[in-house]
A.B. asks: 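If you scroll down you'll find the structure; I have some questions about it.
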Amino acid sequence: MSQSLFYAFLAFMAVMYFTPGPNNIMLLSSGLTYGFRRTIPHIAGIVIGFAFMVAAVGLGLGAVFLAYPILQTILKYGGAIYLIYLAAAIAMSGPTKPGEGSARGPMTFWGAAMFQWINAKGWVIVIGTITAYAAIAQFPLNIAIQTLISLIIGTVSTVVWALFGTALRPVLTSERLVRAFNILMAVLLLASLYPVFMDA
């Protein structure tokens with residue numbers, strides 16, 4: 001294993017996972033709105049869904065997207081539409097009240113896992129992982145290592161962002177403040193679309 005390349009890969013993953021993006025913005029809002037415990041399925045969906053995506057693309061699915069570029073376009077615009085929907089849902093959400101538990105809630109495990117396939121930042125991470133850091137080990141050991149690192153760093157970063165949102169609950173106590181915060185998160189989520197269409 002190339003140790004220098006491995007450490008570079010760790011740094012790349014840490015920067016990409018911990019910096020703001022659609023997943024982290026939604027976790028921050030979910031932690032504030034619903035609390036950490038109810039956000040756990042959302043966390044698990046991101047972590048497992050993204051690690052699966054790394055493994056699938058690394059083991060050959062990426063060749064399908066190279067052969068059929070139209071799939072990338074479909075994912076790009078489909079993801080943008082879904083992000084706009086999510087931003088609207090976040091902007092309209094306020095703090096949960098007693099008795100509302102079954103009526104509304106954060107993103108589900110499967111919803112979060114499937115979202116990774118239309119997450120523009122996620123594709124940047126996957127492509128960078130599979131191409132720039134493929135030489136950290138021989139195939140398929142390199143894919144196994146990359147998937148494991150995705151699971152570990154993904155778990156830490158998503159938990160941190162959700163806990164950060166949860167920690168804001170005692171501070172943002174009024175419904176008006178929670179709504180204002182969620183509107184800000186929705187605007188940031190929409191802003192994350194800008195890099196997707198910069199080269200359009």
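As a basis for the values below, the full set of heavy atoms in this structure was taken, side chains included, without hydrogen atoms, waters or symmetry mates.
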A.B. asks: Working to the nearest 0.5 Å, report the span between CD1 of Ile43 and CE of Met26.
C.D. replies: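 Answer for the CD1-CE pair, Ile43 versus Met26, is 12.5 Å.
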A.B. asks: Tell me whether Leu141 shares a hydrophobic cluster with Phe52, the cluster being built from Ile, Leu, Val, Met, Phe, Trp, Tyr side chains joined at under 4.5 Å.
C.D. replies: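 Same cluster: Leu141 reaches Phe52 through Ile, Leu, Val, Met, Phe, Trp or Tyr contacts under 4.5 Å.
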A.B. asks: Run the side-chain hydrogen bond (donor to acceptor under 3.5 Å, both in side chains) test against Ser30 and tell me which residues pass, sequence neighbours left out.
C.D. replies: Thr39
A.B. asks: Are Phe50 and Tyr17 close enough, and set up right, to give a ring-ring contact (aromatic ring centres under 6.0 Å, His included), and what steps lead you there?
C.D. replies: CA-CA 11 Å; Phe50 187 78; Tyr17 266 103; 5.6 Å; yes
A.B. asks: Supply the atom-to-atom distance Met107 CE to Met114 CE, rounded to the nearest 0.5 angstrom.
C.D. replies: 11.5 Å
A.B. asks: Starting at CE of Met16, measure out to CD1 of Ile125 and round the result to the nearest 0.5 Å.
C.D. replies: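 Taking CE in Met16 and CD1 in Ile125, the distance rounds to 4.5 Å.
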A.B. asks: Might you point out which heavy atoms bring Gly58 and Phe139 nearest each other, and give the distance in Å?
C.D. replies: O-CE1, 3.6 Å
A.B. asks: Quick one: CG on Leu5 to CG on Leu10, what's the gap to the nearest 0.5 Å?
C.D. replies: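 These two atoms lie 10.0 Å from each other.
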A.B. asks: Indicate the atoms forming the closest heavy-atom contact of Ala162 with Phe36, along with that distance.
C.D. replies: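 Closest heavy-atom pair between Ala162 and Phe36: CB-CD1, 3.9 Å.
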A.B. asks: Starting at CG of Leu163, measure out to CG of Leu27 and round the result to the nearest 0.5 Å.
C.D. replies: 10.0 Å
A.B. asks: Same cluster or not: are Phe115 and Phe109 linked, directly or through other Ile, Leu, Val, Met, Phe, Trp or Tyr residues, by side-chain heavy atoms under 4.5 angstrom apart?
C.D. replies: no
A.B. asks: Testing the basics here: between Ile46 and Gln116, what is the closest heavy-atom pair and its distance to 0.1 Å?
C.D. replies: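 For Ile46 versus Gln116, the nearest heavy atoms are CG1-NE2, 3.7 Å.
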A.B. asks: What is the minimum heavy-atom distance between Asn142 and Ala137, and which atoms define it?
C.D. replies: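 Asn142 and Ala137 have their closest heavy atoms at CB-O, 3.3 Å.
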A.B. asks: What are the two closest non-hydrogen atoms of Asn119 and Pro22, and how far apart are they?
C.D. replies: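 Taking every non-hydrogen atom into account, OD1-CG, 3.6 Å.
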A.B. asks: Using only atom types and a distance under 3.5 Å, with no angle test, would you say the side chain of Trp123 pairs donor to acceptor with the backbone of Trp117?
C.D. replies: yes
A.B. asks: Between the main-chain N or O of Thr158 and the side-chain N or O of Asn23, is there a donor-acceptor pair closer than 3.5 Å?
C.D. replies: no
A.B. asks: Connecting only ILVMFWY residues whose side-chain heavy atoms lie within less than 4.5 Å of each other, what is the rest of Val15's hydrophobic cluster?
C.D. replies: none
A.B. asks: Do Trp161 side-chain atoms and Phe18 backbone N/O form a donor-acceptor pair below 3.5 Å?
C.D. replies: yes
A.B. asks: Between OG of Ser29 and CG of Leu168, what distance do you get to the nearest 0.5 Å?
C.D. replies: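 Between atom OG of Ser29 and atom CG of Leu168 there are 10.5 Å.
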A.B. asks: Suppose we screen for side-chain contact (heavy atoms from CB on, under 4.5 Å). Which residues come up paired with Ile130, at least two apart in sequence or across chains?
C.D. replies: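 In terms of side-chain contact (heavy atoms from CB on, under 4.5 Å), with neighbours along the sequence ignored, Ile130 is linked to Val54, Val57, Val126, Ile143, Gln146.
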A.B. asks: Search all heavy atoms of Ser150 against all heavy atoms of Met13 and return the closest pair with its distance.
C.D. replies: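 Taking every non-hydrogen atom into account, OG-CE, 3.2 Å.
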